[in-house]
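Heavy atoms only: backbone and side chains are in, while hydrogens, waters and symmetry mates are out. One-based numbering along the sequence shown.
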Amino acid sequence: MVLHLLRRYLGEYVHGLSAEDLRISVWNGDVVLKDLKLKAEALNSLKLPVTVEAGFVGTITLKVPWKSLGKEPVVVLIDRVFILAYPASDGRTLKEEDREKLFEAKLQQIEEAESATLEAKSRSKQGSLILLQPPPENSWLGSIIATIIGNLKISISNVHIRYEDSVTNPGHPFASGITLAKLAAVTMDEQGNETFDTSGALDKLRKSLQLERLALYHDCNSLPWKIDKRWKDLSPKEWIEIFEDGINKPAVDHGIVSPRALNRQYLVSPINGVLKYHRLGNQERNDPEIPFEKASLELSDVSLTITEEQYHDWIKLLEAISRYRTYVEVSHLRPMVPISEGPHLWWRYAAQASLQQKKMCALTLHMYGYEVDIDFIHGCSSYRFSWDRIQHLCQLRQRYIQLYASFLQQSSTINKSEMREIEKDLDSKVILLWRLLAHAKVESVKAKEAAEQRRVRNRSWFSFSSLWTNSEDASVEDVSVEGAADGSHLTEERLTKEEWLAINKLLSYQPDEELMPHSGKDMQNMIRYLVTVSIAQAAARIISINQTEILCGRFEQLHVSTKFKHRSTHCDVVLRYYGLSAPEGSLAESVCGEQKVNALTAGFVRSPVAENVDWKLSATISPCHVTVLMESCDRFFEFVKRSNAVSPTVAWETATALQTKIEKVTRRAQEQFQMVLEEQSRFALDIDLGAPKVRVPIRTCGSSRCDSHFLLDFGHFTLHTVSLLNIEEKL
């Protein structure tokens, strides 16, 4: 299993993995892979217009304590993952080798989808057989495996993924990157200390995930890094010198930072956090106040800063991604010859691509509930489905399935070149479908051959046994064997439950007792899942082209908690403080007092237990002081106008998507409100709103000073619903 996982997951990303070396290393106890080179297709799964120029993995260490399995953890260490990515070619000026790389990447994606589909199909077939077998945890080997997996220790450190782009925004090269100092997962005890759990480690799981210095940077007007050799020829020491600076916080006595990491412009400043997960064992799920599973995320400080130049670069990048996705959707229609050699092919490609885009837009509008003429959709697709086209595709399908089925059977007469030529002109989804049909054909042939062989064997056996039995018994046996050959009877020798208990007793292992089922009333009160998110403080800033702060929003002590019970959901939100400011001063700020210590305290319950309502909402909101500063508003609107001018396409697409989303939400809200009226849903509200207090500075004409203020106090708003049943009881 270890070899399979290493070769499967690492083999897709790195060069030079030897199966024999891995096998020897695994049985020696430590697998240490050093100085690995990443493949150019390592980031293809992201489906973004990027390609890996070079990549490096310092060490991958797998420590397996074979002599003390079940007593010491299996450790997986990954250190120094460095990736340099460039924009992928758009296909207009592709060389032959670039086309081959794209084609290989296309085949890789198809093979991944093919493997995933076959594995899912295999699991679904074995589902009924697995139910007949004892659970892995109820055996000695199963308990050892559960202990190993439950105590698995994983650490990923010193990660730097950098993307350099001099094409997307002409004249303004930029570089974006993600850095991670450490991500470590360990098993912990009740006090939060690292430990090794031997008592049902996989049944009652307690894990801690430590996050250190996760950051996202974007350097504007940054030229690509220049070196005196090819990136692929760098030594491990050179990789470390170039990429490692800036990942970890510089030490006090070694504060020297390389020029490459100096003046780094962070979009997301380094974040530290802890994710804790705790799952109770089957025997511990008795207290209704303790959740079966609990996950809590704690972040200390989150800081987001975006400058106007960064914003413009990202708009251009989003525009390039949008073009790339459009190109990918019609890439299978694109001619493989230059325009000068086949202009008519390119005119046909333009027509086909336009019609396909119109069809997709029409289908999208139809999906969102807009009325679209179905004849228009059919007309858009009719260009591809003439009778000649259908006949040609049917012939291709038959030929491809025949070729791929022969390939699966490892036939020596397979013509791979013909199969590859067919794959170049077809969409990936079509190829995947045809491959699955070939698998089904091979399975059908194998099943028929196996059934025929069993039938022949059984007939030869019965011809011999007929000398010893009468014809009536032989006919009965023949009928049962024929049924077994047809698959109607599957008899397979398995260990009985008593035999499994005897084996466990022989190995001195006592399986856990079954969980006692709770009553229906108890199950309603049991907390199945509890998810909490806590952020100590967070801030987001927008910086203008002149390095002047436009807006700054921040909040403190946000705590979100969600409980999932059997049929109800509880969500609580607590926010201590929030504010919005500009260089001229505060624009909005929450104000707390003795009665309201938090800016927001809210709770929502869906299907509350033992209450005659469908949902209830309670909220206490502190007053907010708002100051209207026209200079700040004008500065923000100017920022938006300049950004829209950078890329009208993205601005139009964003506005269209936002309008569609708003219309969808509005329509959904209307439907929900109509359903509430029809079903007469019952709800409870308890709202205590300290309404905003607005201050508008007033200046006289020609004066820069504020002579007076206009104050507007919206007062205090309270909304509380009372159940009719409570009124009737009081009456």
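To the nearest 0.5 Å, the span separating CD1 on Ile110 from NZ on Lys429 amounts to 12.0 Å. Atom OG of Ser176 and atom CD1 of Ile161 lie 12.5 Å apart (nearest 0.5 Å). Taken to the nearest 0.5 Å, the OG1 atom of Thr307 stands 10.5 Å off from the CD1 atom of Ile542. Leu426 contributes atom CG, which lies 7.5 Å from atom CG of Leu393 (distance to the nearest 0.5 angstrom).
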*Take Val50 and Asp165 through the test side chain to side chain contact (heavy atoms under 4.5 Å, CB included) and record every step on the way to the result.*
CA-CA 10 Å; Val50 298; Asp165 193 335; over 6 Å; no

*Where do Tyr349 and Trp346 land on the ring-ring contact (aromatic ring centres under 6.0 Å, His included) test, with the steps shown first?*
CA-CA 5 Å; Tyr349 162 70; Trp346 284 88; 5.7 Å; yes

*Stepwise, does the side chain to side chain contact (heavy atoms under 4.5 Å, CB included) test hold for Phe196 with Thr187?*
CA-CA 7 Å; Phe196 187 88; Thr187 302; over 6 Å; no

_Intermediate values then yes/no, side chain to side chain contact (heavy atoms under 4.5 Å, CB included), Leu77 and Val75_ = CA-CA 6 Å; Leu77 304 175; Val75 181; 3.6 Å; yes

*Test side chain to side chain contact (heavy atoms under 4.5 Å, CB included) on Phe82 and Ile240 and set out the steps.*
CA-CA 8 Å; Phe82 304 143; Ile240 295 171; 4.2 Å; yes

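For Arg420, the CZ atom counts as densely surrounded, since its 6.0 Å shell holds more than 12 non-hydrogen atoms of other residues, nucleotides or ligands. Atom NZ of Lys207 has more than 12 heavy atoms from other residues, nucleotides or ligands within 6.0 Å. Around the NZ atom of Lys37, the shell of radius 6.0 Å holds more than 12 heavy atoms that belong to other residues, nucleotides or ligands.
Between Ile242 and Arg162, the closest side-chain pair of non-hydrogen atoms is not below 4.5 Å. Proximity of Glu418 to Arg399: side-chain heavy atoms (C-beta onward) are separated by under 4.5 Å at one or more points. Between Ile247 and Val159, the closest side-chain pair of non-hydrogen atoms is not below 4.5 Å. Put simply, the side chain of Leu62 reaches to within 4.5 Å of the side chain of Val74, judged on heavy atoms. Ser544 is not listed as a side-chain neighbour of Phe639, based on a closest heavy-atom distance of 4.5 Å or more.
Ring-plane geometry between Phe243 and His160 is classed as perpendicular, the angle between the planes exceeding 60 degrees on a 0 to 90 degree scale with a lower cut at 30.
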Mind listing the side-chain donor-acceptor pairs of residues 295-306 below 3.5 Å, one per line with the distance, residues two or more places apart or on another chain?
none

Going by atom type alone, with no hydrogens or angles, which donor-acceptor pairs under 3.5 Å involve a side-chain atom of residues 430-439 and a protein atom two or more places apart or on another chain?
residue, atom, partner, partner atom, Å
Arg435, NE, Tyr400, OH, 3.1
Arg435, NH1, Glu114, OE1, 3.0
Arg435, NH2, Glu423, OE2, 3.0
His439, NE2, Glu114, OE2, 2.6

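There is no side-chain donor-acceptor pair under 3.5 Å between Tyr217 and Asp219.
Put simply, the side chain of Glu164 gets close to the backbone of Trp225: a donor and an acceptor are under 3.5 Å apart. Of the possible polar contacts, one joining the Gln310 side chain to the His218 backbone as a donor-acceptor pair under 3.5 Å is found. Distance alone, capped at 3.5 Å, places no donor-acceptor pair between the Arg213 side chain and the Thr179 backbone.
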